[in-house]
Amino acid sequence: MRVVSGMRPTGPLHVGHYFGVLRTWAALQREHECFFFAADWHVLTDRQEEPGRVGGWIREMVADWIACGVDPERAVIFVQSAVPEHLELFWILGSLAPVGMLERVPTYKEEAARLEGRETPAYALLGYPLLQAADVALYKGEVVPVGEDQVAHLELARELVRRLRRAHGVELPEPQALLTDAPRLVGTDGRAKMSKKLDNCIYLSDDAATVERRVRGMYTDPRRVRADVPGTVEGNPVFVYHDLFNPDRAEVEDLKARYREGRVGDVEVKAKLARAVNAFLEPLRRRRAEVLADGEGLERILERGIERAREAARETLAEVRKALGGNSIAFGGGLR
Ligand code: TRP
């Protein structure tokens, strides 16, 4: 199977990214041909004010990927904007997508609602899912491991692939979203999702002291005002994390039992959690730091990935151009 996925480079990644998608990426690369890329054009739709920072974010993000087990020897790791075919296929798909269909996409609708008619969103935001469809179709992606917020975009991508077939007879696979079993990790504040804006994340790059501080401040069962009050374990962020991070099952079961009976303090539960999270993160931190310390090595990884991606992309685009009638001088046909 062909696996394709992208991530927007907007800063360091957190453990929610790991459980949400990165461990799936790392697992898939063992059995399948994988293309993973930094979606830098997609950042431009809402970060126009800081494009100068995107390069640094790409490096950090790719270091995070590698720290999580994504292997440049197995997967093709590259940067979207370095492969011009993405924008070319984007334009072709754009000719098959009615504006109304794009306006119905939830992310676009939300942004339009947020602006309350004062102004309309950027044209590129309307095209955001078109570019995403091009990202996948270009590599003949069949499986797309993403977070659940991306399901609507993948649905649109399938519709566009079908339209491309009907309009021009181009045969590309209809991509399917692949969600993990822990698609959404609760924030340290108990909110449904980790988000940089809410400052409720544990970052892959956090040092041990930072992890301890964040865990100490975690939201638990609010009805449990004292250690001798019985508490709820289900859905309690501290135990959600224990289940994910703490490999010592006996310790976790013992803590849960005592928590339910009001025989353990939050301090002990959290101290053991911080220890487990740090044990989990320690090798990742080390790997991440190694990757970032070797700037040239990282550059080489990306250059090689870009080269391999371009090869695949060129091939697909040549097929599409040909189908469009580009054996004359139109659509890049005769003159290339
Ligand atoms: N929109 C995705 C996100 O915000 C990023 C993305 C861009 C992507 N192109 C993609 C994901 C192609 C999967 C496939 O997470």
Side-chain angles (χ1 to χ4, degrees), residues 1-14 16-22 24-25 28-29 32-47 54 57-58 61-62 64-65 68 70 75-90 93-94 97 102 105-111 121-122 124-161 172-180 183-185 193-197 201 305 309 312-313 316:
M1 270 183 332
R2 226 359 132 68
V3 178
V4 179
S5 195
M7 213 182 263
R8 295 171 358 118
T10 57
L13 303 185
H14 49 65
H17 290 112
Y18 176 79
F19 290 107
V21 281
L22 286 174
T24 312
W25 288 17
L28 286 167
Q29 71 190 354
H32 307 283
E33 208 177 349
C34 292
F35 289 78
F36 300 131
F37 63 93
D40 53 345
W41 285 134
H42 277 112
V43 176
L44 207 55
T45 56
D46 60 9
R47 306 278 172 120
V54 174
W57 287 336
I58 290 174
M61 183 175 77
V62 171
D64 279 332
W65 292 356
C68 287
V70 178
V76 179
I77 298 177
F78 67 103
V79 180
Q80 179 190 40
S81 67
V83 182
E85 283 80 3
H86 287 250
L87 289 185
E88 297 184 31
L89 186 56
F90 161 73
L93 294 180
L102 299 174
V105 172
T107 28
Y108 181 83
K109 272 208 310 221
E110 277 159 31
E111 179 62 8
L125 190 69
L126 189 65
Y128 185 114
L130 278 175
L131 180 57
Q132 183 162 348
D135 294 339
V136 177
L138 203 47
Y139 303 98
K140 305 190 174 173
E142 300 169 85
V143 171
V144 186
V146 281
E148 57 180 354
D149 57 332
Q150 298 299 311
V151 171
H153 290 163
L154 263 298
E155 232 162 79
L156 188 79
R158 280 199 296 281
E159 174 59 22
L160 289 166
V161 163
L172 297 175
E174 290 181 27
Q176 297 288 336
L178 177 69
L179 303 176
T180 56
R184 205 172 248 215
L185 182 59
K193 195 179 160 179
M194 283 197 175
S195 131
K196 200 178 343 173
K197 272 194 220 108
C201 308
T316 306

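Starting from 1, each residue takes its place in the sequence as its number. In this text, all values refer to a predicted model and were calculated from it rather than measured experimentally. Heavy-atom basis, side chains included; hydrogens, waters and symmetry copies ignored. In listed order, ligands and their atoms are each counted from 1.
- Of all protein heavy atoms, the one closest to atom 9 (N) of ligand 1 is Asp135 OD2, 2.7 Å.
- With values rounded to the nearest 0.5 angstrom, Glu111 atom CD is found 12.0 Å from Leu126 atom CG.
- At least one N or O atom of Tyr128, backbone or side chain, sits closer than 3.5 Å to an N or O atom of ligand 1.
- The aromatic ring centres of Phe78 and Tyr139 sit less than 6.0 Å apart.
- Residue His153 places no N or O, backbone or side chain, under 3.5 Å from any N or O of ligand 1.
- For the pair Leu13 and Tyr18, the minimum side-chain heavy-atom distance is 4.5 Å or more.
- For ligand 1, the atoms sitting less than 4.0 Å from at least one non-hydrogen atom of His42 are 7 (C), 9 (N), numbered in the order shown with element in parentheses.
- Numbered from 1 in the order shown, with element, the atoms of ligand 1 that lie under 4.0 Å from a heavy atom of Val144 read 13 (C), 14 (C).
- Ion pair Arg2/Glu142 not flagged as a salt bridge, since none of the NZ, NE, NH1 or NH2 atoms sits closer than 4.0 Å to an Asp/Glu carboxylate oxygen.
- In this structure, the protein non-hydrogen atom closest to atom 6 (C) of ligand 1 is Gly6 O, 3.8 Å.
- For the atom pair Leu160 CG and Phe90 CZ, the distance stands at 11.0 Å (nearest 0.5 Å).
- With hydrogens left out, the protein atom closest to atom 2 (C) of ligand 1 is Gln150 OE1, 3.2 Å, a heavy atom.
- Considering all non-hydrogen atoms of both residues, Val43 and Val54 come closest at CG1-CG2, 4.0 Å.
- When His86, Gln132, Arg8 are ranked by how near their heavy atoms come to atom 10 (C) of ligand 1, first place goes to Gln132.
- Counting the atoms of ligand 1 from 1 in the order shown, those under 4.0 Å from a heavy atom of Val146 are 11 (C), 13 (C).
- Contacts between Phe37 and ligand 1, counted as non-hydrogen atom pairs separated by less than 4.0 Å, involve the side chain only.
- Note: His153 and Tyr128 have tilted aromatic rings, judged against thresholds of 30 and 60 degrees for the angle between ring planes.
- Counting the atoms of ligand 1 from 1 in the order shown, those under 4.0 Å from a heavy atom of Val136 are 12 (C), 14 (C).
- Atom CH2 in Trp41 sits 9.5 Å away from atom CG in Leu131 (nearest 0.5 Å).
- Taking every heavy atom of Ala39 and a limit of under 4.0 angstrom, the matching atoms of ligand 1 come to 7 (C).
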